[in-house]
Amino acid sequence: MWKRGVFILILFSGFFLSPLKAEENAAAVDYIHFYQKFLSPLKNSHCRMYPSCSAYSKMLFQDYPFPLAMALTADRLSRCGHDSKFYLSANFNGSRRLIDFPATRL
């Protein structure tokens, strides 16, 4: 599973790792914040992963250039809550969560 992310990172590292300013991803972070504040509470459900997929994505957009953050977000969404045997787990407020942080936040 981790091989897919490493492959994407190596394949596109020259294009995706170009230096960008934090302001260039501010719109994406604002959209994610809007989702977290207004839309996510309407679903009455909790992400099985910790941090949640939206919080994970927000961290990516703060740390990586836009194309790489989009690719890593898509990867996270495709594996959200699956293959629990590959993740550490912890109990948060009585519910079991799978722990998965971005590589820059370990």
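Rounding to the nearest 0.5 angstrom, the gap separating the CE atom in Met59 from the CG atom in Leu72 is 13.5 Å. Atom CZ of Arg105 sits about 8.5 Å away from atom CG of Leu60, to the nearest 0.5 Å.
Residues Leu68 and Tyr64 share a closest heavy-atom pair of CD2-CD2, 3.4 Å. Residues Pro51 and Arg76 approach most closely at O-NH2, 2.7 Å, considering heavy atoms.
In this structure, Arg79 pairs ionically with Asp75, as a charged nitrogen and a carboxylate oxygen lie closer than 4.0 Å.
Under a 3.5 Å cut-off, the side chain of Asn25 and the backbone N or O of Gln62 do not form any donor-acceptor pair. Between the Ser57 side chain and the Cys53 main chain, no donor and acceptor come within less than 3.5 Å of each other.
Inter-residue side-chain proximity for Asp100 and Tyr56 is flagged as met; some heavy-atom pair is nearer than 4.5 Å. Two residues are said to be in side-chain contact when any heavy atoms from C-beta on lie closer than 4.5 Å; Leu98 and Arg96 meet this criterion. Under the 4.5 Å side-chain criterion, counting only non-hydrogen atoms from C-beta, Met49 is not in contact with Ile99.
For Lys85, there are no side chain to side chain donor-acceptor pair (under 3.5 Å) partners two or more places apart in sequence or in a different chain. Here Tyr31 pairs with nothing under the ring pair (Phe, Tyr, Trp, His ring centres under 6.0 Å) rule; sequence neighbours left out. Scored by the side chain to side chain donor-acceptor pair (under 3.5 Å) test, Ser52 finds Ser54 as partners (sequence neighbours excluded).
Note on ring orientation: taking the six-membered ring where Trp is involved, the planes of Tyr50 and Phe101 are perpendicular (angle over 60°, cut-offs 30° and 60°).
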| message | Using the rule given for side-chain contact (heavy atoms from CB on, under 4.5 Å), can you reason through Ser89 versus Ser84, listing the C-alpha separation, both sets of side-chain angles and the distance that settles it, and then say yes or no? | response | CA-CA 8 Å; Ser89 65; Ser84 60; over 6 Å; no
| request: Show the numbers, then the answer: is there a side-chain contact (heavy atoms from CB on, under 4.5 Å) between Arg97 and Arg48? | output: CA-CA 5 Å; Arg97 304 277 176 97; Arg48 292 185 58 201; 5.7 Å; no
